[in-house]
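Presented below is the structure to which this report refers.
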Amino acid sequence: MIPIEQYGTFETAWCPGCGNFFINKALKKALSTLDLPPHKVLICSGIGQAAKSPHYLRCNCFNGLHGRSLPPAQGAALANTEVTVFAESGDGCSYGEGGNHFLAAMRRNVTMTYLVHDNQVYGLTKGQASPTTAQGQATKFQPWGTPSMPFNPISVAVTMDVPFVARAYAAEVDHLADIIVQAARHPGFALVDIFQPCVSFNKVNTYAWYKERCYKLGQDHDPTDWRQAMIKAQEFGDRVPIGVIYKGSRQPYEQRMVSSVRRPLATSKPDMTALDDILEGYT
Amino acid sequence: MPDTCVNIVVGGEAGQGLVTVGDFLAKALVRAGYEIVVTQDYLSRIRGGHNTYAIRVSHEAVHGPRESIDLLVALDAQTVPMHTGDLSGRAMVLADEAIDRMGHTGLSIPFKTLCPKPMFENIAALGVLAQVLCLDRKWFEDLIAETFHKKGDEIVSANLKVFSDALTWAGSQQAGFSCMPAPGRTEKRLFMHGNDAIALGALAAGANFCSYYPMTPSSSVASTLIEHAQRMGMLVEQAEDEIAAINMALGASYAGARVVVPTSGGGFALMVEGISLAGMTETPVVVVLAQRPGPATGLPTRTEQGDLNLVLYAGHGDFPRAIFAPGTPEQCFEMTYRAMDQSEKWQSPVFVLTDQYLADSYRAVTPFDLSALPPVSAPALATDDPAGYERYAVTENGVSPRLVPGFGEHLVVLDSDEHTPDGHITEDLGVRVRMVDKRMRKGLGLKEDVLPPTFTGDDAPEMLLACWGSTYGPAVEAAQIMRTQGKKTAVLHFGQVYPLNPDQFLPLLASAGRTVMVEGNYSCQLAALIRQETGYVFGATVTRYDGLPVTAGYILKRLEEAN
């Protein structure tokens, strides 16, 4: 185990009481359990308050563009086998702007872990509806209620047979840390959708709201049973399950790659003899 | 040039196999030692329409395409009436006997008698062409054997028989097309188009990661890389969109891969935020942009040089970049190789700007000497002082030490926000200024490294034709023609269009009587850039934006009209 202190302590730009603090704590705990020293961790993030997370943790960090945490994460994971790759961002970044990348990442199935801080609101831009805001929920920008139905990342991921699909709640730090550990150890793409209270802009989905509804999945839930997972993925109302919803066994992308790719790519030099031979083919 | 050239045009519907005929013939000509320029004109459809594959061939150097046709191979009835106006005085039309040659000299080929099945018609056409052009049959027979050997000996011999029968038949017709002079050269040359050369240049420079979204006319860069991926250990991924393609490449580059991203103008438009990210995070990336006419979807399969401004200004805010514009497949190879090095050396996005004409244009290429290539810059894997490592350490030339994550205890922190030397988000405006200055200092280095434009022709010319990218060949040919008319002429070709170093070209421009910028776009984008950077105004411009490549004939006609 790596001592948690190694991941550092940082001054943050988050509001007091923000759910992000719990996620940061859980992630450090998980990395420590995974025995990953900071230089073996690579986190890609998008834009938003959640996307600042890797700055508040000692690690390799690629804090890119809004909605674009997944493409660089997959590029980095494919290029470099020396690091364990995570992508981390908010629900707007992940399921709104980055929606197409999410769809493709589920299909591609590169081994990496996707941590989505899901607070059902846009925080950094001051309270607009996000892709996971409940239909009809009023915001300052949707005063007559959010017209669209919320996106359900869990059921979409289960439908796509994503190898590891989990839902967590930020305030349950130990539970979340354990899920992150399992996600990082599972081959293929892992989605962890994390409920994260936004104390500034989401007056509906508060700590109390989650506390009242979230319950931990018990031994009776078999995450390898796809049908059972679909039922749990759809459960969202007075009761919301948290825990590992689904575990599949789809072959990760890396196992379907051109076999001659010598990773890490940083140490791979071009075979000029082979290239000379290839050029002969153009005569 | 006069009659030492033969301009062969194969016309027909998409899906009829005109590319097969064209590729076979072009490759045989190169093997036989001839010089060629191939121009492929096709429509944005899978079947039908009217496409052409033009091969201009000569025993001596040939620089660009030509309009007038000496040998027209009509695979469909539409071809003859469509090109009647372009036929030269000595032109011959080769067509199936069912096709009306409209009174033109030529041969009506009895394909039905010569071929056991319609699928052999392409080979029969090649037999006729070999005879008419007086080419040694062995060039074709070798190619037929190589191409079909995987399908078995029976298929090979069936094709060889059709080829031979067609050749014999054409011989019996006494077609009377004048034979081309035999080429003097015997050394081996490569047969490839601009996009092949770009892909091979990237591979030579160690490119091992390519993410792309397919778009004409850039796709063949990716397909050539894919063809060699297994042997070269390259990872090629078709991304979900262009935004993903560029961001994935940046992630891979950050993690230690050497990346190349092929696209076209419309796809590049989507990549612009990623270019800005490359500028801010100082992540090396080479983007190959094969231009086609815009705006928007424009003419998807035609050519233009209209995206210089897009590439020049892509991304918001200030950051350095370099833009190469090769004029020949040799330059495509060399400049892509150089682009890979410059991108890494200056940790900046670098562009290779080509166009449909050059991308699809096959040529006889002098083999590349891989052993003579200079080393390519590369990031370090680790440092002796991991705790003190700063990705964006402020340095004199602006280049900070780039390390690869995961190979030592150092941490590599990148941010799209303004950042401190150690890579973390900052809103300290003093740091902001130091970081902008640091990044822009790399631009000075890129400028010192800039390739000078090539000047060919007469010193102190009466007429200087300036150009960039694929317009090089046509400009050289136009200059040669003017020279035969007694006019001192020169060509100034910009193979790198940004940054510009005025010392390299202003004296040359000043030495010329009249200067004309030739560009394949409406607004003369390079001329405008030169004016903006140096105040220099060209005496005249020749522009083309009808989707077809600039030719010597086009340049001369426009100059005549301007007089």
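Order of the sequence lines fixes the chain letters, A, B, ..., with proteins taken first and strands second; residue numbering starts at 1 for each chain. From a predicted model like this one, the values you see are computed outputs, not experimental measurements.
- Chain A is approached within less than 4.5 Å, heavy atom to heavy atom, by B:M232, B:G233, B:M234, B:L235, B:V236, B:E237, B:Q238, B:A239 from residues 232-239 of chain B, ordered by number.
- Heavy atoms closer than 4.5 Å to chain A are found in both the backbone and the side chain of B:H424.
- Relative orientation of the B:Y362 and B:F191 rings is parallel, given thresholds of 30° and 60° on the angle between their planes.
- Checking B:S371 against B:D369 by side-chain atom types alone, a donor-acceptor pair falls below 3.5 Å.
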Check against salt bridge (Lys or Arg N to Asp or Glu O under 4.0 Å), B:R402 and B:E282: CA-CA 9 Å; B:R402 191 165 100 86; B:E282 307 186 42; over 6 Å; no

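- Between B:M271 and B:T263, the closest side-chain pair of non-hydrogen atoms falls below 4.5 Å.
- A donor-acceptor contact closer than 3.5 angstrom is absent between the side chains of A:H117 and A:D91.
- For the pair A:V41 and A:T84, the minimum side-chain heavy-atom distance is 4.5 Å or more.
- The residue among B:L200, B:L250, B:L203 with the most heavy atom pairs within less than 4.5 Å of chain A is B:L200.
- Side-chain contact, A:S45 with A:E88: no donor N or O sits under 3.5 Å from an acceptor N or O.
- No hydrogens or angles considered: nothing links the side chains of B:H193 and B:R363 as a donor-acceptor pair under 3.5 Å.
- Neither the backbone nor the side chain of A:K269 comes within less than 4.5 Å of any heavy atom of chain B.
- Interface remark: A:S259 contributes backbone and side-chain atoms alike to the contact with chain B (heavy atom separation under 4.5 Å).
- Ranked by non-hydrogen atom pairs under 4.5 Å with chain A, the options B:G423, B:S211, B:A229, B:A204 are led by B:A204.
- Ring geometry for A:F189 versus A:Y114: interplanar angle of 30 to 60°, hence tilted.
- By the 4.5 Å heavy-atom criterion applied to side chains, A:L34 and A:R185 are counted as neighbours.
- Among the candidates A:C59, A:A79, A:G281, A:S260, the residue making the largest number of heavy-atom pairs closer than 4.5 Å to chain B is A:S260.
- Among A:N80, A:D277, A:I47, A:N60, the residue with the largest count of heavy-atom pairs under 4.5 Å with chain B is A:N60.
- Neither the backbone nor the side chain of B:V30 comes within contact range of chain A; no heavy atoms are under 4.5 Å apart.
- Of the N and O atoms on the side chains of A:Q251 and A:N109, not one donor lies less than 3.5 Å from an acceptor on the other residue.
- Of the two parts of A:V258, the backbone and the side chain both hold a non-hydrogen atom closer than 4.5 Å to a non-hydrogen atom of chain B.
- For the residue pair A:Q128 and A:T125, a side-chain donor N or O sits within less than 3.5 Å of a side-chain acceptor on the partner.
- At a 4.5 Å heavy-atom cutoff, A:R107 makes no contact with chain B through either its backbone or its side chain.
- Interface remark: A:P38 contributes backbone and side-chain atoms alike to the contact with chain B (heavy atom separation under 4.5 Å).
- Heavy atoms of B:L373 lying under 4.5 Å from chain A belong exclusively to its side chain.
- Contact annotation for A:L42: only side-chain heavy atoms (C-beta onward) come within less than 4.5 Å of a heavy atom of chain B.
- Listed options B:A255, B:P367, B:S276 were ranked by heavy-atom pairs under 4.5 angstrom with chain A; first place goes to B:A255.
- If you measure heavy-atom distances from B:R31 to chain A, the contacts under 4.5 Å come from the side chain alone.
- Residue A:M272 touches chain B through both its backbone and its side chain, counting heavy-atom pairs closer than 4.5 Å.
- A tilted orientation is assigned to the rings of B:Y254 and A:F62, their planes being inclined by 30° to 60°.
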